[in-house]
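Order of listing sets the numbers, starting from 1, for every ligand and every atom in it.
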Amino acid sequence: MTSRYSLKLLYPRDEIAGEVRRMAERISVDYAGKDLLVIGVLKGAAIFLSDLVRAITIPVEFDFIGLASYGDRVTSCGEVKITAYPTSAMEGRHLLVVEDIVDTGLCVDSLLKFLKERNPASLKLCALLDKPVRRQVPVNIDYSAFTIPDKFVVGYGLDYAQRYRNLPGIHTLEEAADD
Ligand code: 5GP
């Protein structure tokens, strides 16, 4: 008996684009006149961030932070280590963290603690996807597009073993047993 994976489309690219535009409009209003620095979490949020910042209509800078996780490697961060640091100044600026998905919340919880120590003027979280049923620590998501069930998803930046990030839509990845 072997197993393989099947992809099922959850959100097509047009629906994602509409939600990203709506988020960008809200962000543009909320941060008008403020020194906004968007920090994307590598690699999963790179594609989302690139669409989001292009839809933001106020001046915005962006940077990236890299996280490595130990523990459950497929679905969660477990213990978190920072592997790539943003080079931008953060003190006194309005930081908006951009994540692909909040699952257990462990990754973003430790990331927000790290960024808070940089003394920003404000610190908020934007996550494309929210998977609340798996949460292990409370996380306040200021901007999010889709609340999803307990399924593993890929595409639009999200991977399985580094694959599928380039899919334009978001798909569930399900194990399908055969023979
Ligand atoms: P958390 O710390 O919230 O459990 O995990 C967040 C990170 O785990 C995400 O940034 C992502 O890298 C990974 N992750 C959690 N759920 C999924 C999922 O359904 N699909 C993919 N591709 N990654 C996920």
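Distances between N or O atoms of Y160 and those of ligand 1 include no value under 3.5 Å. Taking only nitrogen or oxygen atoms, main chain and side chain alike, C107 reaches within less than 3.5 Å of ligand 1. The distance criterion of under 3.5 Å between nitrogen or oxygen atoms is met by V153 with respect to ligand 1. In terms of polar-atom proximity, L158 is not counted as a contact of ligand 1, lacking any N or O under 3.5 Å from an N or O of the ligand.
Distances shorter than 4.0 angstrom occur between a heavy atom of D100 and an atom of ligand 1. Contact annotation: G44 has no heavy atom less than 4.0 Å from any atom of ligand 1. Heavy atoms of K151 approach ligand 1 to within less than 4.0 angstrom.
Look at E19 and R22 and you find a salt bridge, because one of the NZ, NE, NH1 or NH2 atoms lies within 4.0 Å of a carboxylate O, short of that distance. With respect to R93 and E61, a salt bridge is recorded, a charged nitrogen being found less than 4.0 Å from a carboxylate O.
When heavy-atom distances to ligand 1 are checked against a 4.0 Å cut-off, V41 has no atom that comes that close, whether in backbone or side chain. The side chain of K131, and not its backbone, has at least one atom closer than 4.0 Å to an atom of ligand 1 (non-hydrogen atoms only; side chain from C-beta on).
Between the choices L173, V154, D159, the shortest heavy-atom distance to atom 22 (N) of ligand 1 belongs to D159. If you check each of L67, D109, I101 against atom 11 (C) of ligand 1, the one with the closest non-hydrogen atom is I101.
Annotation: side chain of F62 is not in contact with side chain of I39 (no heavy-atom distance under 4.5 Å).
Note that the CG atom of D109 and the OG1 atom of T104 stand 9.0 Å from one another [nearest 0.5 Å]. Rounded to the nearest 0.5 angstrom, S28 OG and R21 CZ are separated by 13.0 Å. One finds the CG atom of L111 at 12.5 Å from the CG atom of L106 (value rounded to the nearest 0.5 Å).
Checked by atom type, the side-chain pair N166/Y156 shows no donor-acceptor distance below 3.5 Å.
The atoms of ligand 1 that sit less than 4.0 Å from any heavy atom of E99 are 10 (O).
The same ILVMFWY cluster, assembled from side-chain heavy atoms under 4.5 Å apart, contains both L112 and M90.
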